[in-house]
Amino acid sequence: MTTTSSYPDRGSRGSGWTAVEKEELERAVRERQAGFWLYLLSDALIFALLFATWAVMADRIATGPDTRSLLDLNKAFVETMLLLSSSFTFGLATLELRADRVRNCLLWMAVTFLLGAAFLGFELTEFMGLIDQGAGPDVSGSLSSFFTLVGTHGLHVTAGLVWLAVSFIQLLVIGNDIQLCARIERLGMFWHFLDIVWIGIFTFVYLWGAAA
Amino acid sequence: MKLIIRMMAGVSGPWTAISARHCVPQALSLLLVSLMLAGCSTSNLAILSPASGFATGQRDLIYFAIGLMLIVLIPVWLLAFWFPFRYREREGTRGHHPEWTTLPWVEAVVWTVPAIIVAIIGYTVWLETHRLDPYAPAPSQGTAVQIDAISLDWKWVFLYPDGRGATVNELVLPVGRPIELHLTSDTAMTSLFIPGLAGQIYAMAGMETELNFQPERAGMHIGRNTQYTGGSFPDQQFTVKVVSPEDYRTFLDRLSRNGSSLSEADYYELKMNRHTSPVREYSTYPNELFQSVIDTYCSSNCGRRQTEPGSHAPQGANPEGTAGGKA
Amino acid sequence: MTFLGRLGIDSLPFYSPVAFAGAATEVLAALMILALVTWKGWWKPLFRDWIATVDHKKIGIMYLFLAGVMLLRGFADAMLMRLQQAMALNSDGYLPPEHFNQIFSAHGTIMIFFMAMPFLTGLINIVVPLQIGARDVAFPFLNAVSFWLTGAGAALVLLSLVIGKFSTAGWTAYPPFSENSFTPGPGVDYWIWAVLVAGAGSTMTGINVLVTILMRRAPGMSLMRMPLFTWTALVTSILMVFAFPALTTSSAMLALDRTLGFHFFTNGDGGNMMNYANLFWIWGHPEVYILILPAFGIYSEVVATFSDKRLFGYTSLVFATAVIGVLSFTVWLHHFFTMGASANVNAVFGIATMIIAVPTGVKVFDWLFTMYRGSIRLTTPMYWTIGFMVTFVIGGATGVLLAIPPVDFLMHNSVFLVAHFHNMLIPGALFGFFAGFSYWFPKAFGYRLDETWGKRAFWAWITGFYIAFMPLYALGFMGMPRRMEHYDVAGWQPLLITAAIGAVFILAGIACQIVQLYVSWKNRESLCDTTGDPWDGRTLEWMTSSPPKPWNFDRIPTVHSLDEFAWRKETAGFVDEPGAPDVIALPKDSLLPMAIGASAFIFGFAMIWHIWWLAIMALLTILAMLTATGFTRDSGLRIIRIENRDAARAEVASS
């Protein structure tokens with residue numbers, strides 16, 4: 001199987017690799033891309049079920065406060081803007097990497113990281129605020145499903161940030177090569193996927209809450 | 001070396017021939033199957049000797065479906081023994097046609113016959129599921145006897161209409177009147193089942209479910225919880241006495257003259273005493289006991305009980321997992 | 001919380017003599033194995049050849065080993081239950097309820113997650129890459145991680161016998177009974193974390209097999225030239241990828257309820273146990289087909305090979321498989337018709353369930369017509385296959401009965417249901433795995449299994465199956481619920497004694513299988529498969545040596561036809577792939593997957609016992625290991641150049 005690589009290969013590793021190894025690695029990159037899509041589909045189902053659970057549970061407030069009236073739409077809007085712009089900056093990072101401008105890529109990755117971290121900070125303060133008001137996840141089924149849906153997304157963002165930090169260091173240490181470039185592209189898929197999920201959360205949790 | 005022996009395919013299965021080299025297990029199995037048959041005449045098979053219209057309908061469906069499915073099963077059994085015997089490897093290649101790998105009409109038959117059978121059963125399922133819906137009132141002129149049942153660890157409390165007494169682990173029903181059993185649970189999820197009289201339905205905390213049926217014959221039955229709930233789950237059973245309308249009235253009178261009444265404290269003690277219980281009878285029970293048990297767990301939209309006839313909206317979310325109740 | 005969470009000296013099994021004996025047996029067996037390995041000096045080869053391997057064939061063999069061990073444990077549980085129910089008329093039998101309830105919970109959990117799943121995953125691992133002419137699966141490293149995660153889950157279940165107790169909430173762990181208020185203690189947590197860890201492994205296996213089949217097929221192998229086992233593996237892995245998230249979600253929610261006081265499924269406080277039933281069975285029903293479809297694939301391969309004919313209605317079989325895969329997601333509500341859904345909903349799900357009987361029926365007839373005009377060799381795999389067809393249709397018929405909602409109101413929660421799903425999973429899935437085991441054993445190990453003992457095992461199993469489960473159908477009609485620790489209906493006891501005798505026959509079947517393995521190993525010289533094609537096989541896996549070289553094929557074959565190998569033998573007149581051997585790149589072995597599995601095991605253990613610091617450490621260890629792999633500078637590949645094929649064989653022998 002012969003294919004020409006669409007990836008730059010100027011990293012410090014791989015200089016001694018044989019043609020067979022390179023061909024094999026390019027195949028591995030294609031397969032990992034496909035595998036990662038499947039993983040995202042599988043993960044999307046987890047979120048779908050969490051959304052369904054929220055739909056079932058949102059009204060089950062028992063003796064607790066009405067979850068939807070507690071939600072702060074303004075804060076959620078800021079969070080949305082932060083996450084959406086982080087997706088944009090990550091897109092820029094990927095383009096720079098493809099063009100083999102490693103320094104620019106590192107810069108955009110750092111910006112993405114900061115935006116993502118700010119999003120997470122907002123989310124954590126929101127959670128803390130709710131818990132302080134006596135509206136923690138152990139109060140009612142409604143709050144349990146709210147915290148789980150939004151928190152699972154937050155956990156994914158955290159994992160994305162860790163991955164982003166590791167990739168940043170790898171890019172510094174190893175330089176741009178097929179494997180790393182493809183891995184950062186997969187991280188990009190993950191990051192954009194979290195954006196889509198967040199739009200769902202913003203719509204079905206926060207906007208619906210504001211409408212109620 | 002090969003000898004033909006017979007093997008029985010189950011209690012109601014047909015006799016089929018099978019070639020075997022080890023006949024000892026088969027002979028033993030024959031012995032055992034006959035032992036088994038001796039142990040189960042139909043009188044033991046509660047489900048096959050029903051005592052209510054509801055249960056009769058359910059049993060007849062079983063016979064109907066088994067009969068239809070035999071159209072597929074019998075050919076499978078015959079071919080599964082005939083083909084390996086007829087086309088077994090032997091001297092020469094008589095009958096071996098490796099090129100015979102598809103034949104459109106055979107494939108068409110193989111798809112359509114099961115499809116037709118499923119279509120017939122499916123159509124019947126649609127009709128019968130509605131006719132035998134446990135929520136549908138039994139088809140009868142008489143007014144329904146509405147009894148509430150509460151599941152506890154590991155016993156049942158039955159509340160008779162109009163506050164006229166309560167029983168524990170004993171259910172007395174009049175013959176020939178539609179019964180409307182309302183269920184809830186004050187513990188884990190349970191399932192009330194009276195084999196031969198009524199199919200089962202879950203009882204869940206904070207929710208109300210319903211079971212309708214009409215006893216046709218006087219007699220005794222055993223009802224139980226079939227949904228495993230740990231501890232003394234095997235003992236969570238009760239006697240069901242189906243009696244004549246006169247005896248039923250006598251029973252209610254006796255119940256209401258019975259001195260002891262079921263106070264809230266008594267109920268609480270019953271609930272917390274996590275054992276089974278002997279039959280107990282009470283002359284009265286707290287007003288709205290059933291509703292207050294539901295309210296203990298109810299989470300949202302817990303409207304008061306709807307009492308108008310023909311309405312049986314369950315409270316809480318419905319089992320399809322969507323928000324809101326079932327219309 | 002203390003340093004060791006809720007772990008204490010009272011976690012040891014002194015509450016029941018039977019449980020204590022079981023725990024002691026388990027610990028002794030483990031110690032004996034460790035002693036044996038040390039005494040024989042097997043540690044080094046064990047690590048080098050097995051624990052560190054990323055070779056799909058060796059991983060497959062390890063899966064089979066795991067399945068075998070767990071089959072013994074799960075069957076021991078079954079024997080204990082049958083004995084208890086045979087004895088417990090108006091008495092407590094010999095098992096206290098607490099222990100009996102653990103046993104049936106463990107039996108179901110083990111048989112589904114840690115016997116059937118590893119069995120089919122092992123067979124898929126060994127066979128699928130060979131059948132599609134690939135050198136390995138797409139992600140060999142991930143494959144090893146999946147295996148060790150499955151092993152970690154199994155280890156948690158085994159450990160629950162020694163430290164603490166297993167769940168008493170049944171293999172489905174239905175809330176609210178599985179919540180803290182009814183079942184405090186670590187039991188249900190053992191179930192949750194064993195299932196979560198193993199479920200993560202299964203999801204990854206699904207992704208891996210799917211990518212392998214879609215992207216690693218040999219040139220010329222279009223989808224409609226794939227062997228049927230590969231087709232069923234494809235559909236099964238799709239189901240794994242899309243069904244397991246539901247199990248992950250429901251178990252994780254239950255864990256949140258139990259560990260952090262959430263209210264997903266609790267009684268009151270807004271909990272909704274009906275949501276659990278939905279989520280669990282959205283996974284649970286496809287899971288049935290995850291188990292049974294690969295077995296259908298095996299029957300297809302076996303019946304074609306031993307009838308010396310191409311499969312009848314290959315296209316029908318492919319479509320039937322795909323249809324079953326799709327429909328499996330549309331029927332989950334039939335597991336709880338009795339929850340009070342409206343007649344419309346119940347009827348729709350009942351009819352959807354019955355529709356699955358159509359493609360399944362088509363499959364049975366296609367196998368039957370494959371035998372028609374064939375030249376049938378009645379080998380052990382054929383015995384299992386014919387036994388399956390005769391017995392499985394009974395389970396299918398009782399399944400249609402249960403799919404009729406009004407009938408289900410009578411049969412739900414009864415031993416009729418127990419008989420039904422054992423009728424599907426023993427003749428349906430397990431007989432298939434046994435058939436596949438005998439069929440592909442020579443490919444994996446290089447020698448055939450003894451036929452005499454194989455057939456003895458078959459007769460004992462099938463006889464035992466009928467004697468053990470037909471009485472349960474009858475008991476269902478008599479209104480006996482499942483999971484009864486004792487009972488007071490004298491009429492049930494004769495049938496329960498009969499069922500226990502059936503279990504003894506199955507025990508004899510398992511004994512025959514163990515003897516079969518020993519006898520075959522002893523006679524491995526005379527049973528040796530020198531050609532790589534012991535059965536006159538039809539598909540690519542028989543084209544290479546037995547066992548295959550680490551790279552499977554010297555040269556990746558080009559595929560011209562369905563049943564390529566048979567086509568080459570019968571029509572084309574050549575067998576070996578022409579041309580010079582390829583230069584081969586294979587992934588390097590690694591101990592990391594095992595280390596990840598071990599960390600996952602520690603993480604699960606820490607979560608069960610609330611040892612939070614340990615859980616965090618275990619997670620960080622996994623993270624560190626994964627990060628470290630990203631910094632490696634070599635390609636992770638070893639290159640093999642075959643100058644000529646004899647030299648290649650020499651290289652294998654020396655390595």
Side-chain angles (χ1 to χ4, degrees), chain B residues 10-11 22 25 29 32 36 39-40 44-48 58 61-62 65 69 72-73 76 79-80 83-84 87-89 96-98 100-102 107 110-111 114-115 118 122 125-126 128-130 132-133 188 191 195 199-202 205 209 226-230 234 297 299 319-321 326, chain C residues 168 176-177 182 267-268 270 274-275 278 309-310 312-313 316 338-343 345-347 350-351 354 358 361-362 365 368 371-377 386 389-390 393 397 401 404-407 409-410 413 459 463 467 470-471 474 477-479 481 483-486 491 494-495 498:
Chain B
V11 182
H22 308 278
S29 83
L32 288 164
M36 220 166 76
C40 51
N44 282 339
L45 302 172
I47 283 163
L48 300 183
Q58 289 167 326
L61 256 181
I62 295 176
M69 283 185 293
V72 174
L73 263 59
V76 169
L79 297 182
F83 284 168
Y87 296 103
R88 69 190 183 279
E89 186 184 35
H96 183 205
H97 293 276
W100 196 84
T101 57
T102 186
E107 295 217 45
V110 153
W111 277 96
V118 163
V125 163
W126 183 262
E128 294 294 294
T129 304
H130 285 82
L132 301 172
D133 180 11
S191 184
Q200 62 194 302
I201 200 96
Y202 288 160
T209 46
T226 61
Q227 177 72 35
Y228 165 77
T229 49
Y297 303 103
S299 308
E320 292 97 275
K326 174 172 67 179
Chain C
T168 55
F177 183 68
F182 296 98
N267 265 358
M274 295 187 293
N275 194 32
N278 279 287
K309 255 181 92 211
R310 228 178 80 183
F312 178 84
S316 271
T338 51
M339 212 175 242
S342 69
V345 172
N346 279 350
I351 292 167
M354 284 173 207
V358 176
V362 168
F365 281 106
L368 287 170
M371 293 195 287
Y372 179 65
R373 295 184 154 188
S375 173
I376 299 169
R377 282 169 284 161
I386 297 168
M389 285 193 272
V390 173
V393 288
L401 284 184
I404 304 173
V407 176
F409 289 127
L410 305 177
N413 269 337
W459 286 113
T463 313
I467 304 176
M470 293 304 143
F477 281 121
M478 294 159 83
R483 299 172 171 175
M484 295 281 270
E485 193 258 346
H486 60 267
L495 291 173
T498 313

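Residue numbering restarts at 1 for every chain, and letters A, B, ... go by the order of the sequence lines.
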Contact winner vs chain C - [options], heavy-atom pairs under 4.5 Å:
{"options": "B:Pro114, B:Pro84, B:Ala80", "value": "B:Pro84"}
{"options": "B:Gln58, B:Gln227, B:Gln200, B:Met69", "value": "B:Gln200"}
{"options": "B:Pro195, B:Ala65, B:Gly230", "value": "B:Gly230"}

Minimum heavy-atom separation for [X] to [Y], with atom names?
{"X": "B:Ile62", "Y": "C:Phe477", "result": "CD1-CE2, 3.9 Å"}
{"X": "B:Ala188", "Y": "C:Pro176", "result": "CA-CG, 3.8 Å"}
{"X": "B:Ser191", "Y": "C:Asn413", "result": "CB-ND2, 4.1 Å"}
{"X": "C:Val358", "Y": "B:Ala115", "result": "CG2-CA, 3.8 Å"}
{"X": "B:His130", "Y": "C:Ala347", "result": "CE1-CB, 4.4 Å"}
{"X": "B:Trp111", "Y": "C:Val362", "result": "CD2-CG2, 3.4 Å"}

Open item on the list: As a quick check of understanding, evaluate side chain to side chain contact (heavy atoms under 4.5 Å, CB included) for C:Leu368 and B:Val76, giving each step before the final call.
Closed with: CA-CA 8 Å; C:Leu368 287 170; B:Val76 169; 4.3 Å; yes
Open item on the list: Which residues pass the ring-ring contact (aromatic ring centres under 6.0 Å, His included) test with B:Tyr202, not counting sequence neighbours?
Closed with: C:His412
Task: Part of C:Phe182 lying under 4.5 Å from any heavy atom of chain B - done: side chain
Open item on the list: Nearest 0.5 angstrom please: B:Thr226 OG1 to C:Arg483 CZ, how far?
Closed with: 10.5 Å
Task: From C:Lys309 atom NZ to B:His97 atom NE2, the distance as rounded to the nearest 0.5 Å - done: 9.5 Å
TODO: Heavy atoms only, distances under 4.5 angstrom: which of C:Gly361, C:Pro481, C:Pro406 has the most pairs with chain B? Name it, please.
DONE: C:Pro406
TODO: Name the member of C:Met389, C:Met371, C:His486 that forms the most heavy-atom pairs with chain B at distances under 4.5 Å.
DONE: C:His486
- [ ] Using the six-membered ring wherever Trp is involved, compare the ring planes of B:Phe83 and C:Tyr372 and label them parallel, tilted or perpendicular (cut-offs 30° and 60°).
- [x] tilted
Task: Partner residues of C:Glu485 under the salt bridge (Lys or Arg N to Asp or Glu O under 4.0 Å) criterion, sequence neighbours left out - done: none
Task: Under 3.5 Å donor-acceptor, B:Glu89 side chain and C:Ile376 backbone - done: no
TODO: Could you please spell out the steps behind the side chain to side chain contact (heavy atoms under 4.5 Å, CB included) verdict for B:Glu128 and C:Ile404?
DONE: CA-CA 9 Å; B:Glu128 294 294 294; C:Ile404 304 173; 5.8 Å; no
Task: 4.5 Å side-chain heavy-atom contact, B:Leu132 and C:Phe409 - done: no
